[in-house]
**Student:** 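Before I ask anything, here is the structure I am working with.
Throughout, numbering of the chain's residues begins at 1 and tracks the sequence. Atoms within each ligand, like the ligands themselves, are counted from 1 in listed order. Keep in mind that the numbers below use all heavy atoms, side chains included, and drop hydrogens, waters and symmetry copies. A quick note: this is a predicted structure, and the numbers were derived from the prediction, not measured.
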Amino acid sequence: MADYDDQNIFAKILRGEIPNDTVYEDEHVLAFNDINPQAPRHVLVIPKGAYVSLDDFSQSASDAELAGFMRALGHVARALGLAGSGYRILANHGRDANQEVPHFHVHIAGGGQLGPMFSRPRG
Ligand code: 5GP
């Protein structure tokens, strides 16, 4: 598993070194609007702990962090008003998924018809 890079952009957001548009925060979790939204609503939910990806988080996070994260995902989606019409959650881990930021995060996308789940890879 890759070592955690504390200079990644979400680590800087958590330390308050870079601004963010927060939609929810609690003891374990921060949720904020994606800077480059791919849907009418596109929010990123991240743990406050230093985890590289789901692979890391699912092995190393405490039960309280795991439960708190899952609860927060549902809470944020409801708070955004997406629970009725629907939404998609997605997490990229590693190279094949083109994970861009090496701090575990889950995308919540919704607010309109999202289309098919995947497009065919080119390569
Ligand atoms: P990934 O490909 O790692 O799953 O997604 C990273 C996401 O982080 C992308 O959707 C990208 O737009 C978003 N992102 C990258 N830098 C920033 C930033 O500085 N602020 C915010 N709010 N989102 C960012």
**Student:** So do Gln99 and Ser53 actually touch side chain to side chain, heavy atoms under 4.5 Å?
**Tutor:**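 They are in contact (side-chain heavy atoms under 4.5 Å apart), so the answer is yes.
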**Student:** My understanding is that we take every heavy atom of each candidate and find the minimum distance to atom 18 (C) of ligand 1. Doing that for Asn36, Asn98, Asp21, Ile35, which one comes out nearest?
**Tutor:**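 It is Ile35 that holds the nearest heavy atom.
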**Student:** Which atoms of ligand 1 have any heavy atom of His107 under 4.0 Å away?
**Tutor:**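 Listed by number with element: 1 (P), 4 (O), 5 (O), 7 (C), 10 (O).
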**Student:** What atoms of ligand 1 come within less than 4.0 Å of a heavy atom belonging to Gln99?
**Tutor:**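 Answer, ordered by atom number: 3 (O).
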**Student:** Look at atom 16 (N) of ligand 1 and say which protein heavy atom is nearest, naming residue and atom and giving the distance to 0.1 Å.
**Tutor:**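 Checking every protein heavy atom, the shortest distance to atom 16 (N) of ligand 1 gives Ile9 CG2, 4.0 Å.
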**Student:** List the closest protein heavy-atom neighbour of atom 1 (P) of ligand 1: residue, atom name, distance to the nearest 0.1 Å.
**Tutor:**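 Sorting protein heavy atoms by distance from atom 1 (P) of ligand 1 puts His105 NE2, 3.1 Å first.
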**Student:** Does the side chain of His42 reach to within under 4.5 Å of the side chain of Leu44, using non-hydrogen atoms?
**Tutor:**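 Result yes, sub-4.5 Å side-chain heavy-atom pair found.
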**Student:** Indicate yes or no: at least one non-hydrogen side-chain atom of Gln59 is less than 4.5 angstrom from one of Asp55.
**Tutor:**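 Result yes, sub-4.5 Å side-chain heavy-atom pair found.
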**Student:** Within the 4.0 Å heavy-atom shell around Asn92, which atoms of ligand 1 are there?
**Tutor:**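 The atoms of ligand 1 under 4.0 Å from a heavy atom of Asn92 are 1 (P), 2 (O), 4 (O).
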**Student:** With atoms numbered from 1 as shown, which atoms in ligand 1 lie under 4.0 angstrom from a non-hydrogen atom of Leu44?
**Tutor:**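 Checking each atom against Leu44, I get 8 (O), 13 (C), 23 (N).
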**Student:** How about Phe10 and Phe104: are their ring centres within less than 6.0 Å of each other?
**Tutor:**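 Between Phe104 and Phe10, which both carry aromatic rings, the centre distance is not below 6.0 Å.
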**Student:** Tell me if the aromatic rings of His103 and Tyr51 count as close, with their centers under 6.0 Å from one another.
**Tutor:**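 They do not qualify: ring centres at least 6.0 Å apart.
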**Student:** Could you tell me if the side chain of Leu82 sits less than 4.5 Å from the side chain of Arg78, heavy atoms only?
**Tutor:**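 Not in contact.
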**Student:** Testing the 3.5 Å rule here: is there a donor-acceptor pair between the side chains of Asp6 and Tyr4?
**Tutor:**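 Tyr4 and Asp6 do not have a side-chain donor-acceptor pair below 3.5 Å.
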**Student:** Give the contacting part of Phe104 toward ligand 1: side chain, backbone, both or neither, where contact means a heavy-atom distance below 4.0 Å.
**Tutor:**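 No part of Phe104 is near ligand 1 at this cut-off.
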**Student:** For ligand 1, is Asp34 a contact, meaning one of its heavy atoms is under 4.0 Å away?
**Tutor:**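 Judged by the 4.0 Å heavy-atom criterion, Asp34 does count as contacting ligand 1.
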**Student:** Below 4.0 angstrom from a heavy atom of Val101, which ligand 1 atoms are there? Numbered from 1 as shown, please.
**Tutor:**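 By the 4.0 Å cutoff, the relevant atoms are 3 (O), 6 (C).
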**Student:** Which ligand 1 atoms does Glu100 reach within 4.0 Å, using its non-hydrogen atoms?
**Tutor:**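 Matching atoms, with element in brackets: 1 (P), 2 (O), 3 (O), 9 (C), 15 (C).
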**Student:** Can you confirm whether His107 sits close enough to Asn92 that some side-chain heavy atom of one is under 4.5 Å from a side-chain heavy atom of the other?
**Tutor:**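 Contact flag for His107/Asn92 side chains = yes.
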**Student:** In the protein, what heavy atom is nearest to atom 22 (N) of ligand 1, and what distance, to one decimal place, separates them?
**Tutor:**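 Of every protein heavy atom, Asn33 O, 2.9 Å lies nearest to atom 22 (N) of ligand 1.
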**Student:** In this structure, would Val45 and Phe57 fall into the same cluster of hydrophobic residues linked by side-chain contacts under 4.5 Å?
**Tutor:**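 Yes; Phe57 is reachable from Val45 via cluster members.
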**Student:** Who's the nearest protein heavy-atom neighbour of atom 8 (O) of ligand 1, and how far?
**Tutor:**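 Scanning the protein heavy atoms, the shortest distance from atom 8 (O) of ligand 1 goes to Phe10 CZ, 3.4 Å.
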